Structure formats: C-alpha cells, structure tokens
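Since the structure is predicted, the reported quantities are computational estimates derived from the model, not experimental observations. Both ligands and their constituent atoms are indexed starting at 1 by order of listing.
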Amino acid sequence: MCFMIRDCIGLIIYGDFREMKVINQGVSQELIADVLKVCEEFYKLPMEELEKYTEEEEELSEFEPNLDQKPKLFIEKEYRPKKNGKNDKEVIFWKDTFAHCTHPTKEDRISSWPEKPKKYREVIGKYSEGVRKTRLKVLELMCEGLGLQKDHFAYELSQIKYLLINLYPKCPDPTVTAGAVEHTDGGFINMLLQELGELHVRRQKNGQWFAVEPIPSALVCINGMLLKVISNGKLESGIHRVATNSVRDRISVGCLTSPACNGECIIEPAKELLSETNPPKYKSFSCTEYLKIFFTDISEFEAALNPYKL
Ligand SMILES: O=C(O)CCC(=O)C(=O)O
Ligand SMILES: [Fe+2]
C-alpha cells in the first residue's frame, strides 16, 4: 500500500504497519549519496585508524546507548560461527557496526566523532539532523493515528538518537552466514537507509518473509518493541533479518530513537488509550531494567517484554 500524506512525506506501508518506507522526507538524494560514500570511506580506513574505536571484549549485545556514548566499532574480527540464541543453530555473523549518539549535536559530542574521512562530521551531522526532523514528524503522525497528544514521544521518551553504520562485506557463501538474524529492535523506531536489498521483514499474519526493496532516497521505518507498549499492543514490532550477498559490500545506516537510559525513564501504555474495554496489556517498567533483559535474553523475539505483560 502506498499513499501520500501531509507535508509531502510519503509513506509506503506494508500490510500490518510494522514497517514502512518514508519518501520525500527532507533528506536529499545528494545527501544520502554523501552519507553512503563517507560510510564506505570510513570502513576503508587503515585498521590502526579503525581500532581507535574498538574496545576489546566488547560485544554488540552489551551496548547500552546513553547520552555520553562514545563512538564504538564492533568488528566481527574473525567472522566465526556463533550460536543463534533463538534456535541454537550455528550461523556466521557477517557484519561490522560503527555506532554513536547523534543528538543533540553539541560541539563536544561531535568532537568525539571520527575526524577521518574528512567529511564525516559534516555529512553525518547534516544527515542526523535531517533524519531527526523526519523521525519527529513520523512519530507525530503515529500519535495522531493512535489518538495521542502529538508530542507524546518528545522529550524523555525519545532522548537517545543513535546511529548505527552497518557494513556487511560481500560474502563467499551467503547460505551459511547471516548479516543479522531475525530480531526486533528495542526502542521506538529505526529509520534505515539502505542502498541494496537483503533486508527481509516477516508478516505477522502468515509468518512469511519478504524482501524490502530499496527505493532511492527512501528511508525504511521499522517499529521497535516499545512502540507496542505505548500503543497498548495496537502497533506491532517489526521482525526483520538481513541476508548477505556474494556480489558487493552492503552498507546500511540505522537511526534509532530510544528513551533515556538514566534509570528514571518509565515506559507504560499511554494513559489516553486505556479504558474499561482497553485495559493495559503491560505494567509500567523502567527502561534501564528492560534494556538489560533486551540485551541478554534472546530466547524469543519479545522476551524483554515478558516480565511486564499483564
Ligand atoms: O541492515 C539493515 O538493513 C538492518 C539493520 C538492523 O536490523 C538494525 O540496525 O537493527
Ligand atoms: Fe534491526
């Protein structure tokens, strides 16, 4: 289904509203091309340069973005088989990820971003600002659709803006590797820039997977689990996975929006949505506590929500 809505943002929405693409969204095609170029150049830097951002024994699953998050690079140095927690099958993970906070784009924060490639700070700064505006708009539209105040996600709930630059190197045998195994994202919304396909999402109704074809200058929005909580189950979280390919390196850039992880932020179904006929499906919980479960329990897609279900 594809339709245009106010302010010329176009949303291409897949059946059950868990994934959609945003077009005409205020981040120009030139800027998108610059972002992909600068990300590609980043990963081509000499290893000594890249290693400035790696921390020994750091696992991707352990990261907890906070406002002071320094840039970190998670490299699959050996690309060796690991267990996929969900079904215990061995898969070779085939992805490196460079991650850092992007907003507010304060001087001291930007000074921790890479100085190389030369245009990294300028291009990523511009892009994150553009995506921030689009993301606010999309969240406002979701509020409108749900019947919430349009600033429901503003402030504390969307304090963390996190950028993930994923590199999936071309792979000799895509049948034994996974770019990303099936998962749901933990925050509210992930706005993804992808130049090549390989992203697949799963239909809730029949469990079938289908490929999300890239559209130049479109961002793919994936609902995270917390959106399910705030909407009291009305919006589903998007289950997705990434395959690898043997032809070209693939780069994707995710912009995640999550609540503050300062131990104080409380997540709960929006009170305006609750009634006798729509009682809360989740109790209130601390975002920090939830994230700990999210990063450790991968036994089910939504395992992190289990303790809070009513
Ligand atoms: O590379 C992609 O298309 C998706 C990456 C992803 O799932 C994520 O950043 O959470
Ligand atoms: Fe994801």
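At least one heavy atom of His183 lies less than 4.0 angstrom from ligand 1. Put simply, part of Arg250 is less than 4.0 Å from ligand 1, judged by heavy atoms. Residue contact check for ligand 1: Ser252 places a non-hydrogen atom closer than 4.0 Å to it.
When all heavy atoms of Leu199 and Gln194 are compared, the pair lying nearest together is CB-OE1, 3.5 Å.
Within a 6.0 Å radius of CD in Glu272, more than 12 heavy atoms belonging to other residues, nucleotides or ligands are found. Counting heavy-atom neighbours within 6.0 Å of Lys309 NZ, excluding the residue itself, gives a total above 12. Open room surrounds NZ on Lys126; 12 or fewer heavy atoms of other groups in view lie less than 6.0 Å from it.
In this structure, the side chains of Pro169 and Trp94 come closer than 4.5 Å at one or more pairs of heavy atoms.
When you scan the N, O or S atoms of Asp185 for the one nearest the Fe ion (ligand 2), you land on OD1. In His240, the N, O or S atom that comes nearest to the Fe ion (ligand 2) is NE2.
Contacts between Val220 and ligand 1 below 4.0 angstrom, taking non-hydrogen atoms only, are absent altogether.
Below 4.0 Å from some heavy atom of Asn190 lie the following atoms of ligand 1, by number and element: 8 (C), 9 (O), 10 (O). Counting the atoms of ligand 1 from 1 in the order shown, those under 4.0 Å from a heavy atom of Val242 are 1 (O), 2 (C), 3 (O), 4 (C). The atoms of ligand 1 that sit less than 4.0 Å from any heavy atom of Tyr168 are 1 (O), 2 (C), 4 (C), 5 (C).
Between Tyr120 and Trp113, the ring planes lie perpendicular to each other; the angle is over 60°, past the 30° to 60° tilted range.
Among the atoms of Asp185, some N or O lies under 3.5 angstrom from an N or O of ligand 1.
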Set out, in order, the CA-CA distance, both residues' side-chain angles and the distance that settles ring-ring contact (aromatic ring centres under 6.0 Å, His included) for Tyr308 and Tyr282, then state yes or no. CA-CA 5 Å; Tyr308 312 117; Tyr282 302 92; 8.4 Å; no
